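I have placed the structure first, in the form of structure tokens, so that the comments after it can refer back to it.
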Amino acid sequence: MTLMAGKRSFRDLNAEIRAALETENCVRVENVNGQRYMGAGLSKGKRLEIYGTPGNDMAAYLDGGALEVFGNGQEAIGNTMGGGSVTVHGHVGDTLGYAMRDGEIFVEKRAGSRAGIHMKEFEAMQPVVVIGGIVGAFLGEYMAGGTLIVLGLENEYDQPVVGAHCATGMHGGRIFIRGAFPTENVSEHISVLEPNEKDRADLERHVRVYCERFGKDFDAIMREPFHKLVPTTSRPYANLYTPN
Amino acid sequence: MRYTVPEFEVERNLQRCISCGACVRQCSYGVHYFDDDGKTVLADESKCVACHRCATICPTHAIKIKAFEMAYKTHFNWTPQAQQEILKQAETGGVLLSGMSNNKPYPIYWDKILLNASQVTNPSIDPLREPMEIRTFLGRKPKKLTFSADGSLATRLEPQVQLETPIMFSAMSFGSISINAQKSLAMAAKELGTLFNTGEGGLHPALRDFRDYAVVQVASGRFGVHKAYLEGSRFIEIKIGQGAKPGIGGHLPGEKVTVEVSNARMIPEGSDAISPAPHHDIYSIEDLRQLIWSLKEATQYKKPVAVKIAAVHNCSAIVSGVARAGADIIVMDGFRGGTGAAPTRIRDNVGIPIELALAAVDQRLRDESIRNTVSLVAAGSFRNSADVVKAIALGADAVYVASAPLIAMGCHMCQQCHTGKCNWGIATQRPELVKRLNPEIMSQRVVNLIGAWNHEIKEMLGGMGLNSLDSLRGNRLMLRGIGLNDRELEILGIAHAGQ
């Protein structure tokens, strides 16, 4: 089924999408013009294909559903997402995957600031974010789990692959960055390591999916070396306090 | 060498002591111990926090906890406490951390406000004989109602929460308090027809049956927040700030993140649960609006969304913005609100009294003709039913209480919640301490307490000649100040006693 978004309010549009998804498993929405909260809480087995530019908080609280955007995304995609899949054929704004706990987000091009902030993991829930381009400041801030991968592709003006204050307050999970990046942008209490065997296997698996979705050359991407960022402690603020 | 002296002295009456060792077994702080003879009970007073567990359970009442009296050369500025705190910081280099709430002698305005009663005209009502309505509805109210030709309601009503008392239990996460303490509150909420609040700790599986009585919190760390958690709640509360520590976030240290706490919060065991003060997607009222509406969308507009802020200097302007952002309920937490842990300096110095904040906010929303768009919930230390009645007359729709029900469960205000060693089984995750608190018994004590307050509220209402709490809401004519200056009276919007 195909719906036209046009200039309708998000509330009307999302109500219509929800109603359509009662009977259909896949709904295509065209001419999307910044309507917010598309696919919020979308359940497993349901799929939303978006043409145009979806608004903020797309896929918030995503509950196993799948969204694919043929266009750019805006802020807070995958906010507090609990599972499912998001694919964006373009750029995205700030706070990508805020506090996401499970599922996958693949962004073809660039992401803004604070991607992967508060990202978590729990037992079998192991969220993954792959960003094809470069990212802004505060990548992986307060990150507590999961895997963030930055490929730095199409960096034609040779900008820093990661912005300032990368991994501030990170206390879990891992970040992989492809190629050279400004280490002075990485916060203290973070170790920059070579990926181990398991890391390599995971990386290849995720990058392969990225390449399949966006038609990229896997071998060319993997020729550049990756670095792994991990926190030196899971208790960054353990000795801050004195009982009174 | 430590330069600090004990705060408390354990006085043991040796004629009464039967060396049963109950105090030795019960003290989690390790104060009491047997001497080498296995009979004489001794005490390391430097560890005593005055929680009174030993004195309370001692079968012969042989134990008294007294202040460890030290004479200092008189100095009103450099009090013993001021000196002791400096010594603690000199020894550790740490930020001072305290539990519970602001313990400094700031004015308590509840004690400077008096209630009215009817005499002769508009006679008082006897709640034992006549119906008295304290049922409370929270949620956005329409400006007006419109009806279709057939008489049916045409106005779309926003979701409402029905409470059988204006008193709810404030946010206390599983992690900051034990599962038995939280379950006691959940059971009491169910029996009383009110709500408890998960805090930012997620919902423990043991409390799934109480979801209809749960307010679930969404804070910056988003711990335990997932779709079922949101949908299972009675309403959703976005936590922006907390009265005990405005401007400071939550930080559950890894020591307290046990297997069960990690399950409820959905984070790895032993890792710090860091919930910083800012939500990093909120930098403006418009951003807050985005989070509010994302929650409404995700729950298909079936749940009211509340926003909790700390009472601070400009709270009336802030609340006005929050109301316009689409919040259905706004919670304001005054500077005497409690906490499991807060930096002492923040706890004791930041924020303003709930009495002043509530009066100012209610007036501001009325002036802007948007008071009906939100329900106001006041929090931050309600000690008794009279405080609750005064808050409602100042403009609150309902109140949150936490310290009072904890006291009902055994809390003695030792303010050591942050240590995780609570001898009463409340603010601890140690299994041997948690099991001291029986939810069946404790929930009943809380039901008793709030049931008694409900009755007292009805008596005070009846005395004023009112038969419904709605007639008291924002009815400041029922209040008079005593010993307050003109400025305070102006902010509270009340006349002085005698006027």
Side-chain angles (χ1 to χ4, degrees), chain A residues 10-11 14-15 18 36-43 55-65 75-76 79-83 94-95 98-102 113-114 117-123 125 138 141-142 144-145 169 171-173 231 233-244, chain B residues 49 81 84-85 88-89 91-99 218 220-231 251 253-255 257 262-263 265-268 270-276 279-281 287 290-291 293-301 341 343-345 347 415-416 418-419:
Chain A
F10 66 79
R11 193 166 175 173
N14 290 331
R18 267 196 298 272
R36 292 181 172 183
Y37 322 115
M38 293 186 73
L42 193 67
S43 309
N56 295 357
D57 266 326
M58 185 191 84
Y61 320 102
L62 192 66
D63 197 33
E75 328 288 353
N79 185 355
T80 322
M81 132 178 192
D94 296 339
T95 61
Y98 185 146
M100 76 183 279
R101 190 181 296 109
D102 200 3
S113 292
R114 297 203 148 100
I117 179 174
H118 280 297
M119 207 166 147
K120 304 177 189 333
E121 66 185 44
F122 178 61
E123 298 179 343
M125 300 175 180
F138 292 101
E141 191 181 20
Y142 292 113
H171 53 290
T233 169
S234 65
R235 306 282 321 277
Y237 308 117
N239 298 313
L240 188 61
Y241 298 107
T242 273
N244 185 29
Chain B
V49 300
Q81 191 187 354
Q84 296 272 313
E85 288 176 348
K88 285 178 190 168
Q89 294 197 290
E91 279 162 19
T92 63
V95 170
L96 294 172
L97 193 69
S98 293
V218 173
S220 64
R222 308 279 160 83
F223 296 112
V225 178
H226 53 97
K227 200 179 171 197
Y229 168 83
L230 299 173
E231 287 186 336
H251 176 194
E255 294 93 348
V257 182
S262 86
N263 283 338
R265 294 194 182 216
M266 306 171 94
I267 53 169
S271 69
D272 280 10
I274 301 170
S275 208
H279 290 242
H280 287 88
D281 51 352
D287 290 348
Q290 183 178 320
L291 182 60
W293 286 87
S294 80
L295 290 165
K296 291 186 178 189
E297 274 284 336
T299 53
Q300 299 177 32
Y301 301 90
T344 310
R345 297 293 170 246
R347 187 194 74 167
Q415 303 166 45
Q416 300 299 309
H418 55 287
T419 64

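From a predicted model like this one, the values you see are computed outputs, not experimental measurements. To find a chain, count down the sequence lines: A is the first, B the second, and so on, and within it residues start at 1.
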* At a heavy-atom separation under 4.5 Å, does A:F10 approach chain B through its side chain, its backbone, both, or neither? -> both
* To do: Kindly confirm or rule out a cation-pi arrangement of A:R11 over B:Y301, judged by NZ or CZ under 6.0 Å from the six-membered ring centre and within 45° of its axis?
  => yes
* Between A:D94, A:N79, A:T95, which residue shows the highest count of heavy-atom pairs closer than 4.5 Å to chain B? -> A:N79
* Asked: Which bit of B:Q416 comes within less than 4.5 Å of chain A, counting heavy atoms only: side chain, backbone, both or neither?
  -> side chain
* To do: Name the member of B:S294, B:G270, B:P343, B:G221 that forms the most heavy-atom pairs with chain A at distances under 4.5 Å.
  => B:S294
* Give a yes or no answer on whether the side chain of B:H418 reaches the backbone of B:L97 with a donor-acceptor pair at less than 3.5 Å. => yes
* To do: Could you tell me whether a side-chain N or O of B:K227 sits under 3.5 Å from a main-chain N or O of A:G41, the two making a donor and an acceptor?
  => yes
* Structure fact -> Max heavy-atom pairs within cutoff under 4.5 Å with chain B, candidates A:G82, A:A99, A:P243, goes to A:P243
* Asked: Is a side-chain donor or acceptor of A:Y37 paired with a backbone partner of B:Q290 at a separation under 3.5 angstrom?
  -> yes
* **Under 4.5 Å from any heavy atom of chain A - which part of B:S98** => both
* To do: Identify, with sequence neighbours excluded, every residue that meets side chain to side chain donor-acceptor pair (under 3.5 Å) alongside A:E123.
  => none
* Asked: Which bit of B:S262 is near chain A, if near means a heavy-atom gap under 4.5 Å: side chain, backbone, both or neither?
  -> both
* Asked: Once the angle between the rings of B:H280 and A:Y142 is folded into 0 to 90°, is it parallel (under 30°), tilted (30 to 60°) or perpendicular (over 60°)?
  -> tilted
* Cation-pi between B:R222 and A:Y98: NZ/CZ under 6.0 Å from ring centre and within 45° of the ring axis? -> yes
* To do: Flag the one option from A:R36, A:E141, A:E75, A:R18 with the top tally of heavy-atom pairs under 4.5 Å to chain B.
  => A:R18
* **Toward chain A, the part of B:L230 with a non-hydrogen atom under 4.5 Å** => side chain
* Side chain, backbone, both or neither: which part of A:M81 has an atom under 4.5 Å from a heavy atom of chain B? -> neither
* In terms of heavy-atom pairs under 4.5 Å, which option from B:V49, B:T344, B:L295 contacts chain A the most? -> B:L295
* **Qualifying residues under side-chain contact (heavy atoms from CB on, under 4.5 Å), relative to A:H171, sequence neighbours excluded** => A:A144, A:P236, B:I274
